[in-house]
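Here is the structure we will look at, set down as structure tokens.
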2 protein chains.
Amino acid sequence: MRADAQKNHDKIVATAIEVFTEKGMDAPLDEIATRADVGPGTLYRHFPTREDLIDAVIKSWVLQIETAADDAVASDAPVREVLLRWFSAYVARISRNKGGPAKFTSAMGNSHSPIFSKCEVLRLANERVLDRFRHDGVIRADVDSLEVCRIIGGVAVVADQAGLDEAATVSMLGVVIDGLLRT
Amino acid sequence: MRADAQKNHDKIVATAIEVFTEKGMDAPLDEIATRADVGPGTLYRHFPTREDLIDAVIKSWVLQIETAADDAVASDAPVREVLLRWFSAYVARISRNKGGPAKFTSAMGNSHSPIFSKCEVLRLANERVLDRFRHDGVIRADVDSLEVCRIIGGVAVVADQAGLDEAATVSMLGVVIDGLLRT
DNA sequence: CCAGTATACGGAGTCATTCTCCGTTTAGCA
DNA sequence: TGCTAAACGGAGAATGACTCCGTATACTGG
């Protein structure tokens, strides 16, 4: 890639992180272009769709999600507590920017989405956590990771769109966790 | 209200029902105006916001929700089965038009929304059903109707946005129901 | 029945946003 | 240093929300 192209690419991603933080993931792309001092054409050449740009922005998350999952797998606290912490981390992650939960959760399981691979990271991290407890027989075995991601994602979407606080989210997650335990 | 205004009002609502069915609840309002043979100005005078129009469109539902709730309260089938049927009806209702679940669920509990009163109908119907089982002591008492509506709504939003089939929805509802039972 | 007026109409027009097209510029190479 | 593929960027087309205001008309009181 040409040096100027690389520079613009990086500048766009950096600006996108800023703008998404300020205005949510549905922020006008042209504003990102303007603030990155590039033309709209340049932005769209690098990132044909909004999701392609989101994909580039997410890269930094991946590691943190993996770490949270590692913690959950390693922790010897009670199941309920471990799951609550893990799901909270999951929700916090995808909710960092307004509109994020909807973006991730509706792309989940859709292999044609530009952010599919990032969703897979989430799904697989969740799978590792669930596997640990499935192994112990403390959670039900008939629900797969994708489905759990969707339910948790649903909670995140509602919390995001209705502007709920963390307490409300935790309470809803508690219900879902109880639904996963036993059986 | 002047006779011509009434006629236009009715024509707009009828057309909106059609267009929402075809294109979802985010369909262009100008298209509704065009197809109803009125100017955009007329549509916006009658319904200042999209939600005001949705509110008018919903009127026909209310009775059906009440009926489904009545059935759930009266049924002597097992809890799990009754709840599954009720929640399925709830989800089906708000998911009738694409984009519906998000509209309803994010307005739920927000008394400033034009469709708040309709959301209250949903919430109260759900409350009646929950109350019956709370009385029997078969479901947990520490989760209120609003919260349950949000969790179920979250499932509906995800199913709607990801285009999931009914089996997937039912499976997710099953998890939530298990989370509500006991304790 | 008719005139006067409040009410309602409707579409042209503005604004915001997405996305494209294409003439211009430039990095990197031979 | 000159050539060319690569990249740029902004004008502008397309879509959709929403407003403004000149025009038309349904009602009412005489």
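Values in this document were obtained by computation on a predicted structure and should not be read as measured data. All heavy atoms count here, side chains included; hydrogens, waters and symmetry mates do not. Throughout, a chain's letter reflects where its sequence line sits, starting with A, and its residues are numbered from 1.
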Walk me through whether B:Lys103 and B:Glu51 qualify under salt bridge (charged side-chain N to carboxylate O under 4.0 Å, His left out).
CA-CA 8 Å; B:Lys103 288 270 165 352; B:Glu51 285 199 324; over 6 Å; no
Please check: side-chain N/O of A:Asp52 versus main-chain N/O of A:Thr49, any donor-acceptor pairing under 3.5 Å?
yes
Between A:Glu147 and B:Ser171, do the side chains contain an N or O donor and an N or O acceptor separated by less than 3.5 Å?
yes
Check DNA chain C against residues 29-49 of chain A and give the residues with a non-hydrogen atom under 4.0 Å, in numerical order.
A:Leu29, A:Asp30, A:Pro40, A:Gly41, A:Tyr44
Should the pair B:His9 and B:His46 be assigned to parallel (<30°), tilted (30 to 60°) or perpendicular (>60°) ring geometry?
perpendicular
Whole angstroms only, please: what is the NZ-P distance between B:Lys7 and D:dC27?
11 Å
Interatomic distance where CZ belongs to A:Arg50 and P belongs to C:dC19 [whole Å]:
8 Å
Derivation of the side chain to side chain contact (heavy atoms under 4.5 Å, CB included) call for B:Val91 and B:Ser95:
CA-CA 6 Å; B:Val91 171; B:Ser95 304; 3.6 Å; yes
To the nearest Å, give me how far apart CG (B:Asp26) and C1' (D:dC18) are.
16 Å
Assign a letter to each nucleotide of nucleotides 25-30 of chain C from its 5' end: B, base within under 4.0 Å of a protein heavy atom; S, sugar-phosphate only; -, no contact.
-BSS--
Any donor-acceptor N or O pair under 3.5 Å, side chains B:Asn110, B:Ser113
no
Under the side chain to side chain donor-acceptor pair (under 3.5 Å) test, which residues partner A:Arg96, sequence neighbours left out?
none
When you measure from the side-chain N and O atoms of B:Asn8 to the phosphate of C:dA8, is any distance below 4.0 Å, counting only OP1 and OP2?
no
Please report the distance, rounded to the nearest Å, between NZ in B:Lys23 and P in D:dA17.
11 Å
Please confirm whether the ring centroid of B:Phe133 lies under 6.0 Å from the ring centroid of B:Trp86.
no
Between P of D:dA7 and CD1 of A:Ile12, the distance in whole Å:
12 Å
